[in-house]
Amino acid sequence: MSEDKQREAEQEHGQALDPVEWSRSMTHIAERSQRLVGDFLSRQAETGGADTMDRADPLNLGGAFFEMTKAMMNNPAAVMQASVDLWSDYINLWQATTRRMLGEEADPVIEPEREDRRFRDETWSENAIFDYIKQSYLLSARWMQNTVRDVDGVLDDHTARKVDFYTKQFADALAPTNFLMTNPEVIRATLDSRGENLVHGLENLLDDLERGKGRLKIAMTDADAFEVGANLACTEGQVVFQNDLIQLIQYEPKTEQVHKRPLLIVPPWINKYYILDLRQKNSFIKWAVEQGFTIFTISWVNPDEKLADKSFEDYMLEGPLAAMDAVEQATGEKDLNLIGYCLGGTLTAATLAYLTAKGDNRVKAVTYLTTMIDFEESGELSVFIDEEQLAALEDQMNKRGYLEGSEMATTFNMLRANDLIWSFVVNNYLLGKDPFPFDLLYWNSDSTRMPARMHSFYLRQMYLENKLIEPGGIELAGVPIDLTTIKTPSYVLSTREDHIAPWKPTFAAYNTYSGPVKFVLSGSGHIAGVINPPNPDKVKYGYWTNSRKAKTPETWLKNATQHEGSWWPDWKTWITKKAGPMVPARKPGDGKLSVIEPAPGSYVKMRVN
């Protein structure tokens, strides 16, 4: 080959691999790998494996799959029929692939679901071999799922859900997109870069293992691209109050006049509050301040073993109740409105029931964002909640004093494994690319711990026993909690594709509270459906409203009206009527509370690692 053609080939397929550089890279990786494994084994020897659960099967998967296997053995005809159906599908696939190899047209036997983004590369459809690999996998995955679901009738509901969930996890893990030799995009990248993608991917893998101290902690975004207080959580404000559990932020006004009633936000403490104050373009807090509201938000502490005994009751007393008193001191206003998000919404509902029992009517309107109060049908999260798993989890938490944030994050990521696990395995390790800077994923990886006592109460009393929805089912600070007594006007927002707080179970709020309830359903999921700012140039998702009474979520949706764009303006119209007249704007420090430090404060900057 001439030098010109050699140069052209290198430009087309990437630079030729330097053997010396390749050797140096592999030596460096081998040294890092050896050191990593040595350090990990040393830590395990010192701790006696303290970072892992003592039980051999903490998820109790063995028992669940044993029950399924028993049920299948009792119905061999159904198993045989499923095998025959799979064989028939494969015959059809072989015939279709043969016709394609001969240059004929052939309809696919099975196609990915529309939202399945794993097979977007055109090669999966255009190349007959890769099309066969794709369809073969989809047929096998469907067969596994259907075979498991066919025995659901003889398994109890929880065991059936658990078996189905982990079967799907297994099928997702085996997808051909997750392996070098069966992913056409990875093969192209390997050929074009002469293997540099795999070298860089291995380095990414080692970085993630080192960062996780021996456990794989997948980098989902460029962590160096963001800084809390610099380009995230940077709406102007001041911390005006704090205790063991919270810092209270009061935001600087952006209008000369504001509505009389302040607005207090109670975010979840499973994650950090700045999901509502990401970058300027998608910050709910910044937008709400610009609408003329005096905004306060709770910033929860990231607890360690010193706060192990903090209870759910403490979170109410030292959280929203303490914050409400502080808001009155800061503004001179006793009345106020609340927003509760996810677990913060669950706590807000319990707090309102507590206030009602006490004859305290300070809260004039409340907004619930993706909030569960009835946990009977809690979606896929329920597969992690049973007596065996809770006992193992409590044993682990009691040793530390808290639940590690990364373990909670892994649970949530498993609910959307293809998007939040396997897509990054392909991108970071097989393609060798660095994660893209994405504010939402940075927030998602900024995990928080859970105090042992509080988290055990939450999981047992709500997820396992579903006591919150029962009048008097739980007691906080000596007061039986009865959600049906709440008369406060409520705006309840749920999201249609929510995996964490499924919208149909959240609809229970509509028929639980005694006061007027406006139920609104947003498109998308738990986060994107909420953080959907008004943008005439980029209209996303939309939302549904319905002023007619409905006993079931299906009836409500059937008669609902769909709207384009963000739900935020609809909420503004609703809350404005309950926010009082306009008064001169208040600034942090003007009232009885002095400024402690600038927002976002120090609590939100406490990172798990």
Side-chain angles (χ1 to χ4, degrees), residues 227-230 232-253 262-277 283 285 288-289 293-334 336-341 343-344 347-348 351 354 362-363 401-402 405 443 446-451 453-455 476-477 586-608:
E227 182 182 350
V228 174
L232 295 176
C234 49
T235 300
E236 258 189 294
Q238 305 288 338
V239 175
V240 295
F241 172 82
Q242 70 179 40
N243 57 30
D244 285 348
L245 288 179
I246 72 166
Q247 285 191 322
L248 183 67
I249 300 171
Q250 180 181 356
Y251 291 94
E252 300 282 353
L263 184 58
L264 171 63
I265 299 174
V266 185
W269 56 94
I270 287 178
N271 299 102
K272 296 185 178 178
Y273 86 88
Y274 66 89
I275 185 59
L276 294 168
D277 188 27
S283 168
I285 288 174
V289 169
F293 296 101
T294 302
I295 301 294
F296 292 81
T297 191
I298 288 174
S299 175
W300 298 97
V301 74
N302 199 348
D304 56 18
E305 65 278 359
K306 297 174 185 176
L307 300 178
D309 287 330
K310 289 293 183 182
S311 64
F312 195 87
E313 178 180 293
D314 292 325
Y315 268 74
M316 179 184 74
L317 296 173
E318 298 179 41
L321 289 179
M324 288 167 61
D325 292 339
V327 169
E328 182 177 353
Q329 289 183 288
T331 64
E333 296 293 337
K334 183 176 181 179
L336 78 167
N337 296 325
L338 296 181
I339 296 178
Y341 192 173
L343 176 53
L347 178 63
T348 297
T351 302
Y354 172 87
R362 280 180 287 172
V363 181
Y402 56 84
W443 167 84
D446 191 6
S447 54
T448 55
R449 305 180 188 94
M450 298 288 107
R453 185 178 174 193
M454 181 284 302
H455 200 55
L476 298 175
R586 312 122 165 161
K587 294 184 178 180
D590 283 352
K592 296 180 180 179
L593 295 181
S594 300
V595 168
I596 296 174
E597 62 177 319
S602 53
Y603 281 15
V604 75
K605 294 181 180 180
M606 297 179 183
R607 293 185 66 89
V608 164

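Note that the numbering runs from 1 along the sequence shown for the chain.
Thr348 places none of its side-chain heavy atoms less than 4.5 Å from the side chain of Pro320. With contacts defined as side-chain heavy-atom distances shorter than 4.5 Å, the pair Val301/Leu307 qualifies. Counting heavy atoms from C-beta outward, Phe296 and Leu336 have side chains that stay 4.5 Å or more apart. Contact check for Tyr251 versus Thr297: side-chain heavy atoms found under the 4.5 Å cut-off. The side-chain heavy atoms of Thr294 and Gln250, taken from C-beta on, include a pair separated by under 4.5 Å. Residues Pro303 and Met450 are not in side-chain contact: their nearest non-hydrogen atoms beyond the backbone lie 4.5 Å or more apart. Side-chain contact check for Met316 versus Leu321: some heavy-atom pair is nearer than 4.5 Å. Between Asn302 and Arg449 the shortest side-chain heavy-atom distance falls below 4.5 Å.
Here the side chain of Asp314 pairs a donor or acceptor atom with the backbone of Ser311 at under 3.5 angstrom.
Contact between Ile298 and Tyr273 at its shortest, heavy atoms only, is O-CB, 3.6 Å. Here the closest non-hydrogen pair linking Glu252 and Pro588 is OE1-CD, 3.4 Å. In this structure, Leu593 and Ala330 approach most closely via the heavy-atom pair CD1-CB, 4.0 Å. When all heavy atoms of Ala477 and Glu313 are compared, the pair lying nearest together is N-OE1, 2.5 Å. Minimum heavy-atom separation, Ala288 to Phe293: O-CD1, 3.3 Å. Minimum heavy-atom separation, Val363 to Met324: CG2-CE, 3.7 Å.
A salt bridge does not link Lys272 with Asp277: none of the charged nitrogens is closer than 4.0 Å to a carboxylate oxygen.
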Item to complete: Might you work through the side chain to side chain contact (heavy atoms under 4.5 Å, CB included) test for Lys334 and Arg362, ending with a clear yes or no?
Response: CA-CA 6 Å; Lys334 183 176 181 179; Arg362 280 180 287 172; 3.5 Å; yes
Practice prompt. Take Tyr341 and Ile265 through the side chain to side chain contact (heavy atoms under 4.5 Å, CB included) test and state the conclusion after the steps.
Written response: CA-CA 8 Å; Tyr341 192 173; Ile265 299 174; 5.9 Å; no
Item to complete: Would you sort out whether Ile246 and Phe241 count as a side chain to side chain contact (heavy atoms under 4.5 Å, CB included), showing the intermediate values?
Response: CA-CA 8 Å; Ile246 72 166; Phe241 172 82; 4.1 Å; yes
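To the nearest 0.5 Å, atoms OG (Ser299) and CG (Leu248) are separated by 9.5 Å. Here CD of Gln238 is found 11.5 Å from NZ of Lys587. Values are rounded to the nearest 0.5 Å. Interatomic distance, Leu276 CG to Ile295 CD1, rounded to the nearest 0.5 Å: 10.0 Å. Distance check: Lys310 NZ to Leu245 CG gives 5.0 Å after rounding to the nearest 0.5 Å. The distance from the OG atom of Ser283 to the CD1 atom of Ile275 is 10.5 Å, given to the nearest 0.5 Å.
For the ring-ring contact (aromatic ring centres under 6.0 Å, His included) condition, the pairs that include at least one residue of residues 301-334, sequence neighbours left out, are Trp269-Tyr315, Trp300-Tyr315, Phe312-Phe457.
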For residues 598-606, please give each side-chain donor-acceptor pair under 3.5 Å, one per line with the distance, not counting sequence neighbours.
unit_1 : atom_1 : unit_2 : atom_2 : d
Ser602 : OG     : Gln247 : NE2    : 3.2
Ser602 : OG     : Glu597 : OE2    : 2.9
Tyr603 : OH     : Asn243 : O      : 2.5

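The closest side-chain donor-acceptor pair between Arg586 and Thr331, if any, does not fall under 3.5 angstrom.
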